[in-house]
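Counting convention: from 1, in listed order, for ligands and their atoms alike. The structure presented is a predicted model; accordingly, all values stated were derived computationally and were not measured. By convention here, the first residue in the shown sequence is residue 1.
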Amino acid sequence: MIKRSTEAPCQLRSPINRRQMLAATLGAGTAWAFAQPALAQRQITIQSGAHKMQITIQSGAHKITSLSDGHLILPEAMFAPKIDTASRAAAFKAAGQSGARIKSPLNVTLIEVGAEKILIDVGSGSRFMDSAGRLGDALEAAGVDPEAITMVVYTHAHPDHIWGTINDFDELSFPNAKYFISENEWNYWMSNNVLATLPAERHGFAIGAQRNLKMIKPKLTTIKPGQEIVAGLNVLDSAGHTPGHISIEVGDGKDRVVVLGDALTHPVISFQHPNWRPAVDQQPNKAVATRKRLLDKLASDGNRIIGYHLPAPGAGRVERKGTGYAFAPLA
Ligand SMILES: [Zn+2]
């Protein structure tokens, strides 16, 4: 990726300010967990991540590749703050996780069909968390030039999905792409009242969403559930995590792959306990209803899914299990 410096740094570019914002976003006491790792360590993580986590699956004419943007490190309580600690610990244990902080993978989907190279979400960029923002390395490992990306479709405008839109120099990371976001999502984040809808510690989400969305406005098309974006890519309503959250259905029938974004975020909590309310769901009741509707439909249809935060590379199926569901990774 070619980066050119043309202007003075903005406030959020400073690592100190970025950590301060993270402290405000994730709660006091967590910020220093995100201290910058040594450079050598970062490079090793990038290289193994970019190669190990990649998977390519086919749906008709669509070649679908899951790429890693790295991972988030989140306080365990964020996944279901109203649930008792022992129940949460049991769910994490079932997912092979433990401890006060949980790694949450970041799986960006690349779809190649005809002349189009389409990214579903673009990762966190360099301003959110030091363990994230690796999409450029993953694309390079996959042999895809960022300038060759023709379309970017966002599931929603949270930092880990949209802040990779612009690079360190406030230029578009994918300069030749057309951009697509749901009309409801655009209207929500670009509203003059958005800060009043968010707790103070999440105001950084809105400031960041507006910073990125303003940059793509000249190249942006807003879309609605039920629309076909390009041949074989259909918009599916999955609102609740954010007011305009969408998922993308790729291909048809049994071959279909559903790129879920953050409709289902954890391999045990979202599947076995869809009633639990993660702190990051902005419309918790709607998010629960969306999860249940999607789980039932996906288990019945047997379609493959890619979840942005499901265990890397995020691809699998939904199976019925007891009174709930289970995530079955693709073998
Ligand atoms: Zn996310």
Side-chain angles (χ1 to χ4, degrees), residues 21-22 25-27 30 34 49 53 66-81 95 97 101-110 119-135 138 152-165 181-182 185 188-189 198 201-202 204-209 212-213 236 238-248 258-271 274 276-284 286-288 290-291 294 305-316 327:
M21 196 205 68
L22 277 166
T25 302
L26 299 175
T30 62
F34 305 103
M53 294 183 181
S66 172
L67 300 168
S68 174
D69 188 51
H71 60 268
L72 305 180
I73 302 167
L74 301 171
E76 62 87 23
M78 263 183 77
F79 287 79
Q97 299 166 319
R101 294 189 173 81
I102 301 293
K103 272 190 187 182
S104 182
L106 301 165
N107 305 306
V108 175
T109 300
L110 169 70
L119 282 175
I120 311 294
D121 294 329
V122 294
S124 309
S126 61
R127 292 171 166 121
F128 187 48
M129 261 185 218
D130 290 329
S131 55
R134 306 290 196 269
L135 178 60
V152 168
V153 182
Y154 301 104
T155 60
H156 64 298
H158 275 168
D160 49 322
H161 299 255
I162 198 169
W163 285 17
T165 300
I181 194 166
S182 89
E185 192 73 356
Y188 171 72
W189 291 104
L198 291 163
E201 66 268 22
R202 295 265 162 77
F205 281 25
I207 293 162
N212 285 273
L213 290 173
L236 182 67
S238 49
H241 180 70
T242 61
H245 188 285
I246 55 170
S247 300
I248 308 299
V258 185
V259 184
L260 288 169
D262 283 5
L264 301 170
T265 50
H266 187 273
V268 175
I269 291 174
S270 305
F271 289 72
W276 291 10
R277 288 156 164 75
V280 287
D281 282 351
Q282 293 190 221
Q283 298 173 316
K286 198 170 198 177
V288 167
T290 292
R291 272 195 287 282
L294 283 175
I305 60 172
I306 298 178
Y308 198 79
H309 298 288
L310 294 178
F327 174 60

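- Because the distance cut-off is set at 2.8 Å, His309 qualifies as a neighbour of the Zn ion (ligand 1) through one of its N, O or S atoms.
- Draw a line from the Zn ion (ligand 1) to OD2 of Asp262 and another to OD2 of Asp160, and the angle between them is 170° (to 10°).
- The only option from His71, His266, His161 that meets the ring-ring contact (aromatic ring centres under 6.0 Å, His included) definition with His309 turns out to be His161.
- Atom CG in Asp121 sits 11.5 Å away from atom NE2 in His158 (nearest 0.5 Å).
- Between the Zn ion (ligand 1) and His241 there is no N/O/S contact shorter than 2.8 Å.
- The side chain to side chain contact (heavy atoms under 4.5 Å, CB included) with Ile248 is formed by just one residue from the set Ile306, Val153, Val258; it is Val153.
- Considering every non-hydrogen atom in both Gln282 and Pro243, the closest pair reads NE2-CD, 4.3 Å.
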